[in-house]
2 protein chains.
Amino acid sequence: MSSKLCVGIVPLFNELAHDEQELIERLVQHRSVACGEVVVSPDRSGGMIIVRSGRLRVYQLSEDGSEHVVRILDSGDYEGELWLYGGRNENLFISGESDSEICVIAYDEFNRLLESYSGLAIRLLKLSIEKMSELGFKNSLLAMDSIEDRIVAYLEKLQERHHSGKIVLPMKLKDLALYLGITPETLSRKLHLLEEEGIIRRRGRTIELNER
Amino acid sequence: MSSKLCVGIVPLFNELAHDEQELIERLVQHRSVACGEVVVSPDRSGGMIIVRSGRLRVYQLSEDGSEHVVRILDSGDYEGELWLYGGRNENLFISGESDSEICVIAYDEFNRLLESYSGLAIRLLKLSIEKMSELGFKNSLLAMDSIEDRIVAYLEKLQERHHSGKIVLPMKLKDLALYLGITPETLSRKLHLLEEEGIIRRRGRTIELNER
DNA sequence: CGCCAAGTTGAAATACATCAATCGGAGTGG
DNA sequence: CCACTCCGATTGATGTATTTCAACTTGGCG
């Protein structure tokens, strides 16, 4: 296991002073997650989860068993602020998308941290706002009735972040479909359609988005 | 205009000491909003908006002109944290749903407040997390492909808050449809269907939800 | 009383889901 | 190095739920 501070690599903490980071480091539990293993479920919400390496999948299950991908956590991302103040986890799951390493901080301890380091609260606030912005974007995606627009909007958002002409989809098409709230079949068909219309150029998971 | 502190009535500030509230009160601009008037648009995001009285509508416009209702603000609610840290407002609008009174705090001043009163940051964080939870719920609603489930889930959520057998829809059916991402026609039909199935009992905007 | 917006109802079109079969590539083992 | 397998991706055919368009009714308010 790397001796590097887990705390140091995440945006949530990396602006704090080094000695403060060491203090926090002592509070976290390290843990390995196997691919496919479920870490968080409505039964068990351990605490604040920070991804050190690997990828995790945050998803919901409907009553009929269908799955909806809420977000993919990459290294440095965190999840769990929803339950910081006692909120109940109703139908959110987190599982390993690949073998991963995570850090966990119990809620009461994290709360104590928030009280002690006012900077941390502002930092978490800032990150929460960003997350909210993303959720809002996703909302607007899901609200679009035209699937085609939905896909294009998603791609444009991706491109905006990469600042480059070519985009590499961050997930399997299957999961992207779940993320966008459609079926894999429809996604596949629509991508073809978009290509025929000259809006995109695709090879595998790499997509080139033409300006219009 | 009431002499009561605008700041005192909102959850965001009402836990602060009274003298702190007075300090903040001096920073806010009071403003009346006529029904239908647009207060916030991508062009102009004035600052943090707090609803003193009346109702405002937060909504998005798609490229094709269709509208999606994100949230309805009642008195005591606020909006604008998304742009606190310089985030761009891309397609969010806020307009008066009825004649309303609002308070506005410029972002830089609000930011200064956050630095000064660490309690405020935690408070805003807490409220942001609640808002996020609602957004997450709405996400899960929109992700359901069965409209019927979507409506029932929404109603159950409403009932949960009212703690009573009968629910009164907080908006016009037309707007509820926009909120749920469907057309008013479909909503009307589905409500009928649900009534025939014995799941609900409705008269106007009042709905009784039968346990199953 | 009459107007306008909201709500309702009907008929038609369409886009998406669903089911099922096939293809393709990556990984595994002989 | 070549089958073999497994899973993701693709393609086709079919059904259906929802949108759309349009006409009509209702209800609230001046």
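None of these values were measured; they are calculated from a predicted model. Scope of the values below: all heavy atoms of this structure, side chains included, with no hydrogens, waters or symmetry mates. Lettering follows sequence order; numbering is per chain, from 1.
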Hey, what are the protein-to-nucleotides 25-28 of chain D N/O distances that come in under 3.5 Å?
none

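Regarding B:L193, its CG atom lies at a distance of 14 Å from the C1' atom of C:dT8, rounded to whole Å. Look at CG on A:L191: it is 7 Å from P on D:dT10, rounded to the nearest Å. Look at CD on B:E67: it is 11 Å from P on C:dA6, rounded to the nearest Å. Rounding to whole angstrom units, NZ of residue B:K172 and C1' of C:dT8 are separated by 17 Å. The distance between atom CD1 of A:I207 and atom P of D:dA9, rounded to the nearest whole Å, is 12 Å. A straight line from CE of B:M144 to C1' of D:dT18 spans 17 Å, rounded to a whole angstrom. Note: CD (A:E97) to P (D:dG8) measures 10 Å, nearest angstrom.
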Q | Nucleotide-resolved protein contact map, nucleotides 13-24 of chain C, B/S/- at heavy-atom distance under 4.0 Å | A | ---SSBBB----
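Scored by the side chain to side chain contact (heavy atoms under 4.5 Å, CB included) test, A:V10 finds A:L12, A:F13, A:I50 as partners (sequence neighbours excluded). A:E208 is linked by a side chain to side chain contact (heavy atoms under 4.5 Å, CB included) to A:K166, A:R201, counting only residues two or more places apart in sequence or in another chain. Checked against side chain to side chain contact (heavy atoms under 4.5 Å, CB included), A:K126 has the following partners two or more places apart in sequence or in another chain: A:R123, B:Y85. Residues satisfying the side chain to side chain contact (heavy atoms under 4.5 Å, CB included) test with B:E37, not counting sequence neighbours, are B:R31, B:V33, B:A34.
Within the structure, disulfide (SG to SG under 2.5 Å) pairs that include any residue of residues 25-109 of chain A comprise A:C6-A:C103 (at least two apart or interchain). Evaluation of the disulfide (SG to SG under 2.5 Å) test over residues 55-94 of chain A, restricted to residues two or more places apart or in two chains, returns none. Note on residues 188-208 of chain B: no pairs pass ring pair (Phe, Tyr, Trp, His ring centres under 6.0 Å), not counting sequence neighbours. Counting only residues at least two apart or on different chains, the salt bridge (Lys or Arg N to Asp or Glu O under 4.0 Å) pairs with a member in residues 185-197 of chain A are A:E148-A:K190.
Counting only heavy atoms from C-beta on, B:H192 has its side chain closest to C:dT9 among D:dT10, C:dT9, C:dA6.
A salt bridge is absent between A:K174 and A:E67: the closest approach of a Lys/Arg side-chain nitrogen to an acidic carboxylate oxygen does not fall below 4.0 angstrom.
Counting only distance, with no hydrogens or angles, the side chain of B:D77 and the backbone of B:D74 share a donor-acceptor pair below 3.5 Å.
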Can you give the donor-acceptor pairs under 3.5 Å from side chains of residues 135-142 of chain B to other protein atoms, not counting sequence neighbours?
from: B:K138; atom 1: NZ; to: B:H68; atom 2: NE2; distance (Å): 3.0
from: B:K138; atom 1: NZ; to: B:V69; atom 2: O; distance (Å): 3.3
from: B:S140; atom 1: OG; to: B:F137; atom 2: O; distance (Å): 2.6

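Using a 4.0 Å heavy-atom criterion, one finds that A:R205 contacts the sugar-phosphate atoms exclusively. No engagement by A:R203 is indicated, since no non-hydrogen atom pair under 4.0 Å with the nucleic acid exists. Residue-level contact check: A:R202 touches the backbone only, with heavy atoms under 4.0 Å from sugar-phosphate atoms and none from bases.
Over its full length, the helix from C:dC1-D:dG30 to C:dG30-D:dC1 turns its helical axis through 40°, comparing axes from the five pairs at each end and rounding to 10°.
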